[in-house]
**Student:** 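This is the structure I want to talk about, given as structure tokens.
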Amino acid sequence: MPGPRFSDGDSAMARWPGSNLYFEIQILSFDSGSQLYSVLFKDGTEMNIKESDIRSLNIFRPKRGSASPSRRRSRSRTRSRSPGRTPTQGRSPARTPKTDPKSSPVVRDSRKGDILKVHLTPLKPQDFIVETRNGKDAITRHAKLYRESPVIQAEEELKVYEKQIKNQKVLRYIQRKEYFAESENKDVNKKFILNPEPTRNIVPVEKPVVEFGGAIGATLVMLSMPPLLYYLLHMCAQKDASLWNFYPHWTFRDLWESTVFGYFALWILLLELFYLLPIGPIAHGVPLATGKRLSYRINGLFALFFIGVLVAVLLYYKINLLYVYQHLHQFAASATLLSVILSAYLFVRSRKASQEELSAAGKSRNFIYTFFMGRELNPRIGKFDLKHFSAVHAALIGWVFINFIMLLAEMDIQQLESPSASMISVNAFQLFYVLHALWNQESMLSSLDIAHEGFGFMLAFGNLVWVPFAYSLQAAYLVKHPVEISWAVLGAVVAMNTFGYIIFRSANNQKNAFRRNPEDPRLSYLKSIPTSCGSPLLASGWWGFVRHPNYLGDIIMAWAWCLPCGFNDVLPYFYGFFLTGLLIHRVSRVEHRCRQKYSHDWDKYCHLVPYRILPYVY
Ligand SMILES: NC(=O)C1=CN([C@@H]2O[C@H](COP(=O)(O)OP(=O)(O)OC[C@H]3O[C@@H](n4cnc5c(N)ncnc54)[C@H](OP(=O)(O)O)[C@@H]3O)[C@@H](O)[C@H]2O)C=CC1
Ligand SMILES: CC(C)=CCC[C@@H](C)[C@H]1CC=C2C3=C(CC[C@@]21C)[C@@]1(C)CC[C@H](O)C(C)(C)[C@@H]1CC3
């Protein structure tokens, strides 16, 4: 058998597996058993590659007087989306172009001093506008190349690009046809196929996937969640909180009081007022289908501070805040009614929204399903963003407020001079979590819910009702079920919460910093996978440990928040079970989206990082 053609340390070009793209590499070693080279790409990715996929650098070097567009581009770009250098198509080296002196502009390449005359095949700007994310990226890369190159290369190369553009158009046409055939939207279908004009700005083709079991699942969730919440709140108020000790004797008055609804509406109005205050920096959301980015006022911390001051003033004037605890069921029912009214309003207004303003699920034609999932992505009244307000201000500030009410109620009912250690720890852990979320509010803008979900019943009910009233269940339980915990247990719980928080925080920080700037020198120790859609995926550090390390941290914290409630009842562990279930389900939703966006690059990532949340378990 002949020896290896390349030696350790040699530079060469290697074909990226599954593609026709060649990138510069360095040979690390050769394994004579497997006949594979271990190579290092310029972005730090290590891989084993066979000899037939490796080419000498010379083959890719342009002849004198000709510089390949890809090389030229790699000089002008500050950030490459590929490993190391911009890829070179697997084709023979660029030839000196044939020229047509009559029709070609003459351009001087100042770096080489050569004069090249090229024949330009005119490409219209709309040739570069496509709908699919992958397609869009591929074509805009060519468009960029076209714009950036002062010397347009040989006719042959342009022909290759044109061919690719044509292929993309055909692909796009087929994808669009399939997409609209699936969604059975005949009118839209006709419009897009017959009239090419509106194709410019259509929403990226995202195959709608039916979540939560479709209309049936959505109906079940909508009908079961409100009674489940009242059941949980009712059990917390019972002396015996064991789950089976449930004898409902509710009357309409137990759930409804107009005055309570008035107070709740006032609370929401106050939060809205704080939301609209022109205090705090402006941040920008992820790019929308139109290419625009919405701006958001980041003032959640200010709002929480103002609410804190207001509560202090009310306490100072001896205003009875325990009214909230005494009417907790009615407050939860008022919040539910408001969430239903809000969902109905959102549904009606979404009928006026254009296709590109709708979420993927929102394009379904099923009324119940879209009512639940939400149709419009970013419903706004002027500058007031309804979804952002409900997820940040109504949910998180509401949660902290109800927790604090429980703390006051515990002191009152158990005649304590100061809250119990359990109550303080539950309040402190959750306040800290909310403060962290509000401090890092900007990163929330790229979360699944804010960036990709429509605003419907799920998020309206989840944020206005579920988060404030169900997430505060541990505190509600402690009001009537005192638990003595030793310093040792408390220390262990604090350690567990800190452990979860460190994972949660550092995983989110790693991802956010990497998304902001993949070339951040502070992240240079992390490996990443280049992807065909342009944004690389982290494949080491926390994101190389499991695929959703932030969920792991969140789940550890969730259980740590339940432990101060002792082991007498299962009820206060509801949050632990709920969040674990919610995040496991969320994994499948996020991964579906990632598989659509990154296609086989996501599979590559899953292969490298096989576990989702907990190594060797899930
Ligand atoms: N307490 C609660 O009730 C809840 C808490 N949360 C918390 O909110 C936060 C946001 O959650 P969520 O939006 O669901 O999820 P993530 O913050 O994990 O965001 C998922 C996105 O991250 C990007 N991504 C995934 N893998 C990688 C990788 N390897 N490298 C780089 N980017 C990657 C992808 O987006 P892209 O391709 O666009 O970059 C993906 O769509 C989490 O911390 C979660 O724990 C969430 C829901 C409920
Ligand atoms: C079907 C079902 C179980 C519905 C209810 C789900 C809701 C409880 C959650 C849906 C998305 C949520 C988000 C948060 C809380 C839970 C709900 C409402 C969130 C506000 C928690 C804090 C995070 O930092 C967040 C802002 C990213 C998050 C947004 C989504």
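For clarity, every value in this text was computed on a predicted model and none was experimentally measured. If you read the sequence from its start, that first residue is 1, and numbering goes on from there. Whatever order the structure lists ligands and atoms in, that order sets their numbers, starting from 1.
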**Student:** Between the side chains of His585 and Glu211, does any donor sit under 3.5 Å from an acceptor?
**Tutor:**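 Side chains of His585 and Glu211: no pair found under 3.5 Å.
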**Student:** Salt bridge between Arg589 and Asp449, side-chain N to carboxylate O under 4.0 Å?
**Tutor:** no
**Student:** What are the atoms of ligand 1, with element, lying closer than 4.0 Å to any heavy atom of Val590?
**Tutor:**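 Counting atoms of ligand 1 from 1, those under 4.0 Å from Val590 are 20 (C), 40 (C), 41 (O).
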**Student:** With a cut-off of 4.0 Å, which atoms of ligand 1 are near a heavy atom of Tyr433?
**Tutor:**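 Selected atoms, number and element: 1 (N), 5 (C).
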**Student:** State the atoms of ligand 1, each with its element, that fall below the 4.0 Å cut-off from a heavy-atom position in Tyr471.
**Tutor:** 2 (C), 3 (O)
**Student:** As an exercise, identify every atom of ligand 1 less than 4.0 angstrom from a heavy atom of Asn508.
**Tutor:** 43 (O)
**Student:** Quick one: which ligand 1 atoms are inside 4.0 Å of a heavy atom on Ser447?
**Tutor:**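 So the atoms of ligand 1 that pass are 13 (O).
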**Student:** Is Phe499 atom CZ crowded by more than 12 heavy atoms from other residues, nucleotides or ligands, each under 6.0 Å away?
**Tutor:**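 No, CZ of Phe499 has 12 or fewer neighbouring heavy atoms, counting only those of other groups under 6.0 Å.
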**Student:** Looking at atom 16 (C) of ligand 2, what's its closest protein heavy atom, distance included?
**Tutor:** Tyr471 OH, 3.4 Å
**Student:** Is atom 25 (C) of ligand 2 less than 4.0 angstrom from some protein heavy atom?
**Tutor:**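 Within 4.0 Å of atom 25 (C) of ligand 2, no protein heavy atoms are found.
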**Student:** For Tyr296, is the NZ or CZ atom of Arg380 found under 6.0 angstrom from the centre of its six-membered ring and inside 45 degrees of the ring axis?
**Tutor:** yes
**Student:** What residue among Leu431, Asn463, Val434 forms side chain to side chain contact (heavy atoms under 4.5 Å, CB included) with Trp399?
**Tutor:** Val434
**Student:** Partners of Asn497 by side chain to side chain donor-acceptor pair (under 3.5 Å), sequence neighbours excluded?
**Tutor:** Trp561
**Student:** Please could you name the atoms of ligand 1 that Leu538 approaches to less than 4.0 Å, counting only its heavy atoms?
**Tutor:**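 Near Leu538, the atoms of ligand 1 are 28 (C), 29 (N), 30 (N), 31 (C).
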**Student:** Do Phe261 and Leu338 come within less than 4.5 Å of each other through their side chains, counting heavy atoms only?
**Tutor:**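 Of all side-chain heavy-atom pairs linking Leu338 with Phe261, at least one is under 4.5 Å.
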**Student:** What residue and heavy atom of the protein are closest to atom 19 (C) of ligand 2, and at what distance?
**Tutor:**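 Going by distance alone, atom 19 (C) of ligand 2 is nearest to Asn463 OD1, 4.8 Å.
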**Student:** So if I count the atoms of ligand 1 from 1 in the order they appear, which ones are less than 4.0 Å from some heavy atom of Leu582?
**Tutor:** 3 (O), 48 (C)
**Student:** In the protein, what heavy atom is nearest to atom 6 (N) of ligand 1, and what distance, to one decimal place, separates them?
**Tutor:**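 For atom 6 (N) of ligand 1, the nearest protein heavy atom comes out as Asp554 OD2, 3.7 Å.
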